[in-house]
Amino acid sequence: MLRVAAAASLLACLSACGGGSGSATQGTDDGPSATATIRLIGDVQGTSDSSPFAGQTVTVRGIVTGDFQDGDADTLNNLGGFFLTGTPDAVLETSDGIFVYDANNSNVDVSIGDAVEVTGTVVEHFGETQLQPGSVTIVGGGSIAPATLFNTIGTRTNSDGNPIPNFERVEGMLVRFANPLTVQSVHDIERYGEILLASDGRVFQFTNSNQPSVQRFADHQEDVARRSISLDEGRR
């Protein structure tokens, strides 16, 4: 699942979702913690489907790339938290972004472009690595360039045994698409604000132009999964 951050720039928040291809520039840095170990977000995300720090308390810093806090002036984008992208770790397999689930209200109203330090517990929520903060501190400001998402993202198998896009390495990051996308489905747009897009043009049913074949249909499913991108406003 990708959540929309802007018309051309999107936050990849995928349960099968290094990073490292974006760039962050932090401005002023008046960090409040003199003793806390600041971990790279890429280290917290790790190279597998779940964080190596799950259940542990960590401190990270990054730039806010998506502000979806509840209770602020923006009442149309409430997901109970915000997205944070840190300094790239140069490891392609790790994401440099993370979602801070701040539904319990840290009483700190962040905005896009804030440099923020978060200390919290690492949790896995339906396949997405998140931080549940104990403290949130704005330490300055900065900017971040979105990473470019190519069509060679690859696939993985879900719990039903079906191929799905593998967005683990860009989970929680600000990304932009390299090529135009085609609308495939608007079936869930009213309920979830979700649309299904595809790269490289429209995707057709396999038997539209092929005779039935088990192996070729499996190849077709892999191709569809590699090209498919679901955009929605978030489900919690």
Side-chain angles (χ1 to χ4, degrees), residues 3 5 11-70 79-147 167-175:
R3 291 176 188 152
L11 285 168
C13 312
L14 307 148
S15 56
C17 327
S21 54
S23 61
T25 303
Q26 295 194 16
T28 58
D29 188 352
D30 305 315
S33 54
T35 58
T37 299
I38 310 296
R39 297 193 180 277
L40 291 175
I41 292 176
D43 292 341
V44 175
Q45 282 281 9
T47 57
S48 64
D49 294 346
S50 58
S51 170
F53 293 93
Q56 300 181 40
T57 298
V58 299
T59 299
V60 300
R61 285 190 181 183
I63 304 296
V64 176
T65 53
D67 178 12
F68 299 95
Q69 287 179 302
D70 297 354
L79 294 176
F82 55 92
F83 289 95
L84 202 63
T85 297
T87 303
D89 61 4
V91 180
L92 186 63
E93 291 77 17
T94 63
S95 168
D96 299 315
I98 197 166
F99 184 69
V100 180
Y101 183 53
D102 197 19
N104 293 328
N105 195 353
S106 67
N107 296 316
V108 176
D109 184 14
V110 304
S111 300
I112 293 175
D114 285 342
V116 174
E117 179 178 301
V118 178
T119 298
T121 304
V122 181
V123 298
E124 294 291 331
H125 182 74
F126 290 100
E128 179 187 17
T129 301
Q130 300 181 353
L131 273 181
Q132 293 184 346
S135 67
V136 175
T137 307
I138 298 174
V139 297
S143 62
I144 181 170
F167 291 108
E168 183 69 31
R169 67 181 178 89
V170 291
E171 177 184 86
M173 292 178 61
L174 186 69
V175 302

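Computed over heavy atoms, backbone and side chain alike; hydrogens, waters and symmetry mates excluded. Start at 1 with the first residue, then count along the sequence. Note that the structure is predicted; figures quoted are calculated from it, not measured.
For the atom pair CD (Q130) and CG (D102), the distance works out to 11.5 Å, reported to the nearest 0.5 Å. Residue T85 holds its OG1 atom at 4.0 Å from CD1 of I144, rounded to the nearest 0.5 Å. Taken from CG in L174 to CG in D96, the straight-line distance is 12.0 Å, to the nearest 0.5 Å. In this structure, OG1 on T94 lies 8.0 Å from CD on Q45, to the nearest 0.5 angstrom.
Under the 30°/60° scheme for interplanar angles, the aromatic rings of F83 and F99 are found to be tilted.
Applying the side-chain contact (heavy atoms from CB on, under 4.5 Å) test to S111 and every residue at least two apart in sequence or in another chain returns D114. Judged as a side-chain contact (heavy atoms from CB on, under 4.5 Å), and not counting sequence neighbours, the contacts of E124 are S50, S51, T129.
When all heavy atoms of G46 and P52 are compared, the pair lying nearest together is CA-CD, 3.8 Å.
Looking only at distances, a side-chain donor or acceptor of Q69 sits under 3.5 Å from a matching main-chain atom of V110. In this structure, the side chain of D67 does not engage the main chain of F82 through any donor-acceptor pair within 3.5 Å.
Side-chain contact between L131 and V58: present, with at least one pair of heavy atoms (C-beta onward) separated by less than 4.5 Å. Contact of the L84 side chain with the V64 side chain is registered, since non-hydrogen atoms from C-beta on lie closer than 4.5 Å.
Salt bridge annotation for E117-R61: present, with a cationic side-chain nitrogen under 4.0 angstrom from a carboxylate oxygen.
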